[in-house]
Amino acid sequence: MIIKEKIEMKSLKRERDIIIYVPDDYLTSKKRYPVLFINDGQNAFFDEEAYIGKSWGFLESIKKLQIDVILVAIYCNFEPLKREDEYGPWIMSQELSQEFQSNRLVGGEGKAYVHFLTTELKPYIDQRFPTKIDDYGIVGSSMGALISFYAFLRYPTIIKKCAILSSAFWIYEQEFVNLLKVTAISHNMLYMDVGGQEDDERYVSSNEHIKKCVEGKLKDFQYRYFPEGKHSEYHWSQRVPIFLRMFYGGK
């Protein structure tokens, strides 16, 4: 069952479209379900809504794997540079902000966005649906991966599973290195990958650096390098079954 809604983001004083997938029999099954937040949620399910006309195919993947999970896809902010603001935990330097062709500093709303996820959206989902309240995960790509990883590190007792694809770590590389030094994620699960044909060579080097910082901090960790992987929904969609199977099992 697909439910489309518009939800208030009190932390950011704006509204946002979300799409919720729940198993068709959730009202009668007497089951409780894990929950996965999906950033850039407009790309999660339907090709006609996705950025390049190709979705990540989450619905096809969970059906093929026979996984029972609630998916909460949060659309990004489509206003100019507001996606970068919301998915940016810290304000970018002037030099990096100029790379986004901005005459102002970009980023810095990520803390409020993650506050929305953990203190507004999660309680709303828990109240409406039969969730496993201590089994939440998050996924994102590129800058959506940055905010996913930030949520995972800042709220490890709430967000216990994280999949980050083609993360743009080069934007906040040192900030994440510093955050990793003070966070406790040893009992959580992390999937991380990068492609060899990303839009910028900094993707691979920064991901390799963060991988080294992560190693040893948690047992359930997968890092994958795809030599032919490009920075696109088509390539990310092919990796969805990998982390879904890691998180939830399935066939």
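Just so it is clear, the structure is predicted and the values come from calculations on it, not from any experiment.
Distance check, rounded to the nearest 0.5 Å: NZ of Lys161 to CD1 of Ile138 gives 14.0 Å. Summarising the geometry, atom CG belonging to Asn77 is positioned 5.5 Å from atom CZ belonging to Arg14; distances are rounded to the nearest 0.5 Å. One distance of note links CD of Glu233 with CG of Asp47; it measures 10.5 Å at 0.5 Å rounding. In this structure, CG on Asp85 lies 8.0 Å from CE on Met92, to the nearest 0.5 angstrom. Note: Asp126 CG to Ile70 CD1 = 8.5 Å, rounded to the nearest 0.5 Å. Note: Ile62 CD1 to Ile67 CD1 = 7.5 Å, rounded to the nearest 0.5 Å.
Using a 4.5 Å cut-off between side-chain heavy atoms of Ile, Leu, Val, Met, Phe, Trp and Tyr, Tyr51 falls into a hydrophobic cluster with Ile52.
A pairwise comparison of heavy atoms in Gly195 and Val204 identifies O-CG2, 3.4 Å as the closest pair. The shortest non-hydrogen separation linking Ile147 to Pro89 is CD1-CG, 4.1 Å. Here the closest non-hydrogen pair linking Cys76 and Asp40 is CB-OD1, 3.2 Å. The two residues Tyr172 and Gly107 make their nearest non-hydrogen contact at OH-CA, 4.0 Å. Nearest heavy-atom pair, Ser148 versus Gly140, reported as atom, atom and distance to 0.1 Å: OG-N, 3.4 Å. Contact between Asn188 and Lys160 at its shortest, heavy atoms only, is CB-O, 3.2 Å.
Hydrophobic clustering keeps Tyr136 apart from Leu244 (ILVMFWY residues linked when any side-chain heavy atoms are closer than 4.5 Å, directly or through intermediates). Note on Leu71: it clusters hydrophobically with Tyr191, by side-chain heavy-atom contacts below 4.5 Å among ILVMFWY residues. In the hydrophobic clustering of this structure, Val177 groups with Phe152; members are Ile, Leu, Val, Met, Phe, Trp, Tyr whose side-chain heavy atoms approach within less than 4.5 Å, directly or through other members. Both Met246 and Leu165 sit in one connected hydrophobic cluster of ILVMFWY residues. Membership requires side-chain heavy atoms under 4.5 Å apart, directly or through other members. Taking hydrophobic clusters as Ile, Leu, Val, Met, Phe, Trp and Tyr residues chained together by side-chain heavy-atom distances below 4.5 Å, Leu36 does not share a cluster with Met1.
Applying side chain to side chain donor-acceptor pair (under 3.5 Å) to Ser166 and the options His235, Glu198, Lys230 leaves one that passes, Glu198. Considering Arg16, Gln42, Glu49 in turn, Glu49 is the only one that fulfils the side chain to side chain donor-acceptor pair (under 3.5 Å) rule with Tyr75. Remark: of the listed residues Ile210, Asn207, Asp193, Val194, Asn207 is the sole one forming a side-chain contact (heavy atoms from CB on, under 4.5 Å) with Ser167.
In this structure, the side chains of Leu146 and Tyr87 stay at 4.5 Å or more apart for every pair of heavy atoms. The shortest side-chain heavy-atom distance between Ile171 and Glu84 does not fall under the 4.5 Å cut-off. Val214 has its side chain out of reach of Tyr223: every pair of non-hydrogen atoms, C-beta onward, lies at least 4.5 Å apart. The side-chain heavy atoms of Gln94 and Leu105, taken from C-beta on, include a pair separated by under 4.5 Å. Put simply, the side chain of Lys54 reaches to within 4.5 Å of the side chain of Ser237, judged on heavy atoms. Annotation: side chain of Ile164 is in contact with side chain of Phe169 (closest heavy-atom distance under 4.5 Å). Using a 4.5 Å heavy-atom cutoff, the side chains of Leu65 and Tyr248 are not in contact. Here the side chains of His209 and Cys213 are in contact, with some heavy-atom distance below 4.5 Å.
The backbone N or O of Glu120 lies less than 3.5 Å from no partner atom in the side chain of Lys10, so there is not a single donor-acceptor pair. Between the side chain of Ser102 and the main chain of Arg104, a donor-acceptor pair closer than 3.5 Å is present.
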Evaluation steps, side chain to side chain contact (heavy atoms under 4.5 Å, CB included), between Phe37 and Lys122: CA-CA 9 Å; Phe37 287 149; Lys122 182 184 184 298; 4.3 Å; yes
Verdict with supporting geometry, Phe221 and Met192, side chain to side chain contact (heavy atoms under 4.5 Å, CB included): CA-CA 8 Å; Phe221 174 48; Met192 178 177 174; 4.0 Å; yes
Residues Ile158, Leu117; criterion side chain to side chain contact (heavy atoms under 4.5 Å, CB included); working and verdict: CA-CA 10 Å; Ile158 299 175; Leu117 294 180; over 6 Å; no
Glu109 vs Tyr113, side chain to side chain contact (heavy atoms under 4.5 Å, CB included): CA-CA, chis, key distance, verdict: CA-CA 6 Å; Glu109 292 186 347; Tyr113 178 79; 5.8 Å; no
Intermediate values then yes/no, side-chain hydrogen bond (donor to acceptor under 3.5 Å, both in side chains), Arg154 and Tyr150: CA-CA 6 Å; Arg154 281 296 304 269; Tyr150 180 77; 2.6 Å; yes
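In this structure, a donor-acceptor pair under 3.5 Å is present between the side chains of Gln238 and Tyr234.
Between Lys132 and Asp68 there is no salt bridge, since no side-chain N of the basic residue sits under 4.0 Å from a carboxylate O of the acidic one. A salt bridge links Lys211 with Glu208: at least one charged nitrogen is closer than 4.0 Å to a carboxylate oxygen.
Two rings, from Tyr21 and Phe58, have their centers 6.0 Å or more apart. For Trp90 and Phe176, the gap between ring centers is short of 6.0 Å.
For Tyr26, the ring pair (Phe, Tyr, Trp, His ring centres under 6.0 Å) partners at least two apart in sequence or on another chain are Phe129.
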